[in-house]
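First the structure, in the form of structure tokens, and then the observations on it.
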Amino acid sequence: MDGLDERKVKILEAVIRTYLETGEPVGSRTISKYTDLNLSSATIRNEMSDLEELGYIISPHTSAGRIPSDKGYRFYVDHLLESKEKEISDLKDFVIEHTGKMDHVLKQMAKMLAKTTNYATMISSPQYRGNKVKFIQLSLLDEHQLLAVVVMETNVVKNKIIPLELPLDNETLFKLNVLFNSTLNGLSVPEINLGTISKMKEQAGAYSDIVGVVLDAVAESISQEELEIYTSGATNIFKYPELSDSRKASELIYTLEEKQQLAELVSESLSSEDETGIQVYIGNESPIQTMKDCSVVTATYELSEGVKGTIGIIGPKRMDYERVMGSLKELKIQLDGIFKKTST
């Protein structure tokens, strides 16, 4: 690994992580407190000298501490995050391996649920919720353009080219990289509040516009995740006089077939779930306009931590709520048995 043994890798990782958190040059005594190497400050100083000689860290003339070099950051991106990437990769492999099976099972379960309840049903494919920022890298393309690379925990990567109105030197670019990574690393979009954005823009000074563009790229990377929704039993609504009016029925069937609005229901359901994982929307409580004359009951199933999907039943307001909730709970258990156990 470019002349680095395990000890040097751990010390380099500690220097980078500490610098990202504090923005201050890192000394050997600080590293000795935060690593599990049980090494003396003198030994760590020697290792840091080697790392400096190899070009992974540099020593600012104003301080005895060290900060990461571009080469050090590159190593951090390419190697030190491999363990987390493998964890995400294993999860992706599981989902890919079972995609055919999953699609088939979800479709069949939507049909079975529609048949047993006599209502319309929907099931969404599992989505990774709470996707967080893993790393942000800003690089100059030329004197007029900046490339922002946003990497999320699910390994979704978003590239954004940012036009520069002001010249940007290497020192300022370095400081912006530190600002983004020390502030946003490990945060999801909902956790990036107005206070955080305002503080970042203030610290970015004349380059505050870059903050807004990079945050847009973070939000766009979340939206890249594909969502499949399987529906069944749309014609069951004709069994209920209060829903069988030709206009109401056609609008409701269109919503179930077109599915775009159902994505809003999935999002609402996943963000509003209580400890039971079941939500009930009655009439105007529904986030979908065409379902204002219906009741919608949704349940959240979870394949593994953070990987969730939604099951929904759409029917008249006089639906048999007890039976519907029982069916949803049973289906949650079945999905858990089919997929979650397979992943272990």
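Fair warning: this is a prediction, and the values are worked out from it, not measured in the lab. Values below: every heavy atom of this structure, side chains too, minus hydrogens, waters and symmetry copies.
- Residues Tyr56 and Val15 are not in side-chain contact: their nearest non-hydrogen atoms beyond the backbone lie 4.5 Å or more apart.
- Closest heavy-atom contact between Ala114 and Thr121: N-CG2, 3.5 Å.
- More than 12 heavy atoms of other residues, nucleotides or ligands sit less than 6.0 Å from atom NZ of Lys239.
- A chain of hydrophobic side-chain contacts below 4.5 Å, direct or via other Ile, Leu, Val, Met, Phe, Trp or Tyr residues, connects Leu187 to Ile197.
- Of all heavy-atom pairs spanning Glu191 and Gly186, the tightest one is OE1-O, 3.9 Å.
- Side chains of Ile282 and Tyr321 form a contact here, defined as non-hydrogen atoms less than 4.5 Å apart.
- In Leu194, the CG atom is not crowded: 12 or fewer heavy atoms of neighbouring residues, nucleotides or ligands sit closer than 6.0 Å.
- In this structure, Val211 and Phe180 approach most closely via the heavy-atom pair CA-CZ, 3.7 Å.
- The two residues Thr116 and Leu113 come nearest to each other via the heavy atoms OG1-O, 3.2 Å.
- Comment: Arg318 engages Glu242 in a salt bridge, judged by a side-chain N to carboxylate O separation of less than 4.0 angstrom.
- Within 6.0 Å of the CG atom in Asp70, the count of heavy atoms belonging to other residues, nucleotides or ligands does not exceed 12.
- No single ILVMFWY cluster, assembled from side-chain heavy atoms under 4.5 Å apart, contains both Ile237 and Tyr254.
- More than 12 heavy atoms of other residues, nucleotides or ligands sit less than 6.0 Å from atom NZ of Lys259.
- The two residues Ile123 and Ala110 come nearest to each other via the heavy atoms CD1-N, 3.6 Å.
- Atom NZ of Lys199 is surrounded by 12 or fewer heavy atoms from other residues, nucleotides or ligands within 6.0 Å.
- A side chain to side chain contact (heavy atoms under 4.5 Å, CB included) with Ile314 is found for one member of Thr231, Leu256, Val297 and no other, namely Leu256.
- Using a 4.5 Å cut-off on side-chain heavy atoms (C-beta onward), Leu265 and Tyr281 make contact.
- Side-chain polar atoms of Thr255 and Thr290 form a donor-acceptor pair below 3.5 angstrom.
- Using a 4.5 Å heavy-atom threshold, the side chains of Asp293 and Tyr240 count as separate.
- At a threshold of 4.0 Å, the pair Asp216-Lys160 does not count as salt-bridged, since none of the basic side-chain nitrogens sits closer than that to a carboxylate oxygen.
- Within a 6.0 Å radius of CD in Glu258, more than 12 heavy atoms belonging to other residues, nucleotides or ligands are found.
- Between Leu147 and Gln145 the shortest side-chain heavy-atom distance does not fall below 4.5 Å.
- Here the shortest heavy-atom pairing between Glu52 and Ser59 reads OE2-CB, 3.3 Å.
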